[in-house]
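Atoms considered below: every heavy atom in the structure, side chains included; atoms not considered: hydrogens, waters and symmetry mates. Lettering of chains follows the sequences in order, A, B, ..., and the numbering in each one begins at 1.
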2 protein chains.
Amino acid sequence: MSAHSDLTRNQSLVLDRLEKADAPMSAYAILDQLRDDGLRAPLQVYRALEKLLDMGLAHRLESMNAFVACAQPHCHDSGLIAFAICEKCGQVSEFSDDVVRERLNGWADREGFVVKRTTMEIRGECRACAA
Amino acid sequence: MSAHSDLTRNQSLVLDRLEKADAPMSAYAILDQLRDDGLRAPLQVYRALEKLLDMGLAHRLESMNAFVACAQPHCHDSGLIAFAICEKCGQVSEFSDDVVRERLNGWADREGFVVKRTTMEIRGECRACAA
DNA sequence: GACCACTATGTTATGACATTACACAGCCAA
DNA sequence: TTGGCTGTGTAATGTCATAACATAGTGGTC
């Protein structure tokens with residue numbers, strides 16, 4: 001499943017936990033589930049998460065202060081990712097749209113704005129929950 | 001400038017403060033600046049902010065847990081707003097793009113996802129700061 | 001092998017952001 | 001004048017995130 005060869009112990013623990021979750025998890029929720037594995041302080045989780053974000057293996061959902069594992073192995077490559085978050089069941093869908101990326105980059109170019117990071121999050125209800 | 005006729009006292013205080021700021025403010029920063037006006041507890045600010053968000057007079061920037069006054073009187077009408085946030089000077093630019101809105105709505109329609117709220121935030125450096 | 005730089009780790013304390021719970025006051029319509 | 005609604009005030013608490021400091025492994029270089 002997950003070949004996290006070059007990850008440290010803490011990073012592996014955190015990523016595994018995220019991958020097994022069916023909804024975004026807060027750092028403290030992750031911590032609670034990893035007590036038995038020896039983790040005790042928030043910082044241990046936050047440090048692991050930071051690296052995972054850097055490596056493109058996890059995402060941070062700004063609108064809910066929570067984290068998810070990447071849906072696809074190299075989804076960070078697609079440049080700009082949008083998230084659709086169901087507020088009922090918690091499920092998160094990832095997708096990317098080249099046209100949207102184009103438009104935002106176009107605006108930035110015209111304005112002389114140097115983009116570092118873009119977050120796009122749609123809150124609502126997924127098909128199943130809206131039915 | 002601001003005809004906040006139908007606002008309560010606390011709401012007016014908070015909105016005025018936001019409008020005079022040249023960068024996003026956290027709820028606690030707002031509170032600190034309104035101590036002299038009689039505000040003492042975070043909740044007084046959060047309650048005012050909630051109403052202002054509802055009325056479309058202010059925005060919440062999810063990626064920095066901060067708030068800004070609307071750039072234009074009725075900018076919520078444009079449906080979907082993107083924010084470009086300069087990490088150096090703190091300045092925030094608001095803009096909307098119909099094509100982007102189209103694309104996101106298209107995705108949602110196809111997926112059967114019922115959209116409640118969308119946040120789009122670009123972090124980086126504005127032209128002046130990037131120079 | 002001794003040294004040094006770099007990265008990861010563990011722990012405590014603290015800071016920053018947000019909400020719950022409860023009590024009271026004003027306003028307006030039935 | 002009663003009851004519902006909205007706003008307000010206050011204290012306590014809950015949730016999210018980082019600073020500061022100490023320790024330990026790893027790998028390169030002389």
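A straight line from CD of B:E50 to P of D:dG7 spans 10 Å, rounded to a whole angstrom. Nucleotide C:dG10 holds its P atom 13 Å from the CZ atom of A:R35, rounded to whole Å. D:dT8 atom C1' lies 10 Å from atom CG of B:L39, rounded to whole Å. Put simply, CD on B:Q44 is 15 Å from C1' on C:dA18, counting in whole angstrom units. Between the CG atom of B:D6 and the P atom of D:dT6 there is a distance of 15 Å, rounded to whole Å. When rounded to the nearest whole Å, the span between CZ of B:R9 and C1' of D:dT6 equals 17 Å. Taking atom CG of A:L34 as the reference point, atom C1' of C:dT9 lies 15 Å away to the nearest angstrom. Atom NZ in B:K51 sits about 7 Å away from atom P in D:dT6, given to the nearest Å.
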Per-nucleotide protein contact string for nucleotides 12-27 of chain D (B base, S sugar-phosphate only, - none; heavy atom under 4.0 Å): ----BBBBB-------
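A side-chain donor-acceptor contact under 3.5 Å links A:Q44 to the backbone of A:A41. Here the side chain of A:Q33 pairs no donor or acceptor atom with the backbone of A:A29 at under 3.5 angstrom. When atom types are taken as modelled, the side chain of B:Q91 and the backbone of B:C86 share no donor-acceptor pair closer than 3.5 angstrom. Side-chain N or O atoms of B:R60 include none that pairs as donor or acceptor with a backbone N or O of B:E50 at under 3.5 Å.
A salt bridge is absent between A:E121 and A:R123: the closest approach of a Lys/Arg side-chain nitrogen to an acidic carboxylate oxygen does not fall below 4.0 angstrom. Between B:R127 and A:E111 no salt bridge is recorded (no basic side-chain N to carboxylate O distance below 4.0 Å).
Annotation: A:F83 is in aromatic contact with A:H59 [ring centroid separation under 6.0 Å].
Rounded to 10°, the angle separating the first-five-pair axis and the last-five-pair axis of the helix from C:dG1-D:dC30 to C:dA30-D:dT1 equals 20°.
Applying the ring-ring contact (aromatic ring centres under 6.0 Å, His included) rule to B:Y46 yields no partners; only residues at least two apart in sequence or on another chain are considered.
A:T8 has no side-chain polar atom (N or O) that falls below the 4.0 Å cut-off from OP1 or OP2 of C:dT7. An OP1 or OP2 oxygen of C:dG10 is reached within less than 4.0 angstrom by no side-chain nitrogen or oxygen of A:R40.
The structure places CG of A:D6 at 6.0 Å from CE of A:M55, a figure rounded to the nearest 0.5 Å.
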